[in-house]
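Read through the structure below, which is laid out as structure tokens, and then see the notes.
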Number of protein chains: 2
Amino acid sequence: MAAARAATATVTHYKAAGYRYHTLMNVSSKPERTRLSAEDWELAAMQLIADQGVGAVAVEALARQLGVTKGSFYWHFRTREALLNATLERWEQHGEREIFSQIELIADPRERLPELFRRVAHELQSHRVYAALLKALDHPQVVPVMARVSQRRMDFLTTAYREAGLPPPQALNRARLTYAAYVGFLQLNFTLGLPRINHEEFDAYVEHMIATLIPA
Amino acid sequence: MAAARAATATVTHYKAAGYRYHTLMNVSSKPERTRLSAEDWELAAMQLIADQGVGAVAVEALARQLGVTKGSFYWHFRTREALLNATLERWEQHGEREIFSQIELIADPRERLPELFRRVAHELQSHRVYAALLKALDHPQVVPVMARVSQRRMDFLTTAYREAGLPPPQALNRARLTYAAYVGFLQLNFTLGLPRINHEEFDAYVEHMIATLIPA
DNA sequence: ACCGATCCATACTCATCCGTATGGTTACCG
DNA sequence: CGGTAACCATACGGATGAGTATGGATCGGT
């Protein structure tokens, strides 16, 4: 009765850099399962959030996807809520280093903002979790996380605009405008699929953003 | 056994202008129920969407709020999906006339955009449904509606920017940027509650938007 | 080789919510 | 005033998903 296990196989870990690797690529042979850890559940949950939103994080569905049953889950986590919190916290930690570490290496403050825009624009796959979390703000667990993350990013933008020459009050408003444009863009694209903008036109849009929002 | 009826009373119809009026304001007296129509259910659903999102539209919850039972609902609608579709369609119809009818009366194209910005900014209560619908784009029923509405608004913005003097390609990109800023602003405010911006500072932000996005 | 700790499967309970069936009540019309 | 259609209540069935109980399997250390 231990069949129906290698059914849904493709796991494709979210940034599985350096983690334990027991993804099963084979089609219908032995599942070659390793035992799972709490981390595995969190990563799978994160992937699920990116693909289908926070609401899709159900323990039985996750268990099927990982090739186990609920029994495993409730050993690692006390409740579904606990998994969500752990996953969100992991995302918050991991996500901070993603952009800021790279950007702060750019010496010239004038070049920092355009470069930030271009990089963010071309790394969209990494922002799918953020977009999914935006749509889940009615869920009380995600609100504080998103509030912290958004605040930090806004602060970053504000100082960047100041360093680019804007007087403080304008810098704050420009940061608000920029961040709102970023958030809105996420929504209007890979959640709503507005007239699927193509590559070169997208680049033109990014350059237009830079020209409009960043002071010469 | 017909008690537990005047429990949840406050209905506060969404724009109940000219509709049948059987909202019960009294606290604990007779509910003075009139019989319901399909329209009543749609309005209540719309209110619920604005308050708690699309996912909260459950027929038994709605029935409780309206002081009836499911039996009523399934007389007016074949299914829950049907109610959602009807509600969304009603919103789409009703929402179109809301802004455009007023704005197109403004003769000078140069004044049209700033005026649009100011009005939209001060009528935020009316955009709560739109914000809730943005968070429900994983729900297949809302996607086509939002696609149509967003496309129409984008087109409106694009021609407005052209009339304000921008060359066509720039006008399109500026419209994209503006609309993204609008959408993002909705998210970051009454779903996420970022540092609750106050009134005068908010006006300053709107003027900053106008100065930044609208060509002199 | 054994044994305790770790990990997982099976089989439940319980709550929620959509939808159906059916009979009762209220309004309206001739 | 009587009857038909519109409206609603009650009581189901069935599906889903969270959480619990408990015993079996597996791993690591000694």
Side-chain angles (χ1 to χ4, degrees), chain A residues 1-8 11 20 22 24 30-45 48-49 52-87 136 139-141, chain B residues 1-8 20 22 24 30-45 48-49 52-87 136 138-141:
Chain A
M1 287 298 180
R5 172 173 286 178
T8 53
V11 174
R20 211 166 80 202
H22 58 70
L24 25 120
K30 283 172 270 172
E32 51 181 86
R33 284 242 333 281
T34 314
R35 303 171 107 192
L36 300 176
S37 69
E39 193 177 26
D40 294 308
W41 288 93
E42 296 170 17
L43 293 175
L48 222 174
I49 289 176
Q52 304 178 247
V54 176
V57 177
V59 329
E60 284 171 310
L62 265 176
R64 268 194 303 276
Q65 186 182 325
L66 289 175
V68 291
T69 65
K70 297 199 295 188
S72 172
F73 177 85
Y74 285 100
W75 195 92
H76 295 287
F77 297 93
R78 228 172 47 80
T79 168
R80 185 200 109 116
E81 212 179 4
L83 168 68
L84 260 184
N85 284 329
T87 306
H139 215 328
Q141 301 181 61
Chain B
M1 287 299 182
R5 172 173 286 176
T8 53
R20 211 166 80 205
H22 59 69
L24 24 120
K30 283 173 270 174
E32 52 181 84
R33 282 244 335 280
T34 313
R35 303 172 104 194
L36 300 175
S37 70
E39 195 178 25
D40 294 306
W41 287 94
E42 296 171 17
L43 293 175
L48 222 175
I49 289 175
Q52 304 179 243
V54 176
V57 178
V59 329
E60 286 173 292
L62 264 176
R64 268 194 304 274
Q65 184 180 327
L66 289 174
V68 290
T69 64
K70 296 197 298 188
S72 171
F73 178 85
Y74 284 100
W75 195 92
H76 295 288
F77 298 93
R78 227 172 48 77
T79 169
R80 184 200 110 115
E81 210 179 7
L83 169 67
L84 259 184
N85 284 329
T87 306
D138 40 1
H139 214 326
Q141 300 182 64

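Chain naming here is simple, since letters A, B, ... match the order of the sequence lines and numbering starts at 1 in each.
- Here A:H76 reaches the OP1 or OP2 of C:dC8: one of its side-chain N or O atoms lies under 4.0 Å away.
- Spacing between atom CG of B:L83 and atom P of C:dC18 amounts to 10 Å, rounded to whole angstrom units.
- In this structure, A:N85 contributes its side chain and A:A82 its backbone to no donor-acceptor pair below 3.5 Å.
- One can place CH2 of A:W75 at 16 Å from C1' of D:dG24, the figure rounded to the nearest angstrom.
- Side-chain nitrogen and oxygen atoms of A:T79 include at least one within less than 4.0 Å of the OP1 or OP2 phosphate oxygen of D:dG19.
- With distances taken from any side-chain atom of A:R80 to the nucleotides D:dC8, D:dA18, C:dC8, the minimum falls on D:dA18.
- For A:T69, the side-chain atoms get nearest to C:dT10 when compared with the rest of C:dT10, D:dA9, C:dC18.
- Looking at heavy atoms from C-beta onward, A:F77 lies out of side-chain contact with A:V59 at the 4.5 angstrom threshold.
- Distance, B:F77 CZ to C:dC17 P: 19 Å, rounded to whole Å.
- Between the CG atom of A:L62 and the C1' atom of D:dG17 there is a distance of 13 Å, given to the nearest Å.
- If you find the closest nucleotide of DNA chain C to A:F73 and to A:K70, the one lying nearer the 5' end belongs to A:F73.
- Separating the CZ atom of B:R64 from the P atom of C:dC18 is a distance of 10 Å, rounded to the nearest angstrom.
- To the nearest angstrom, P of C:dT13 lies 17 Å from OH of A:Y74.
- Between A:L84 and A:H139, some side-chain heavy-atom pair lies under the 4.5 Å cut-off.
- Nearer to the 5' terminus of DNA chain D, by closest-nucleotide assignment, is the contact made by A:E60 (compared with the other of A:E60 and A:G71).
- Checked against C:dC18, D:dA6, C:dC8, the side chain of A:S72 finds its nearest nucleotide in C:dC8.
- Atom CZ in A:R78 sits roughly 13 Å away from atom P in D:dA21 (whole-Å rounding).
- Of the candidates C:dC8, D:dA6, C:dC18, C:dC8 carries the atom nearest the A:L36 side chain, counting heavy atoms from C-beta on.
- Taking the six-membered ring where the residue is Trp, A:H76 and A:W41 present tilted rings, their angle falling between 30° and 60°.
- When side chains are defined from C-beta on, A:L48 counts as touching A:Q65, because their heavy atoms get closer than 4.5 Å.
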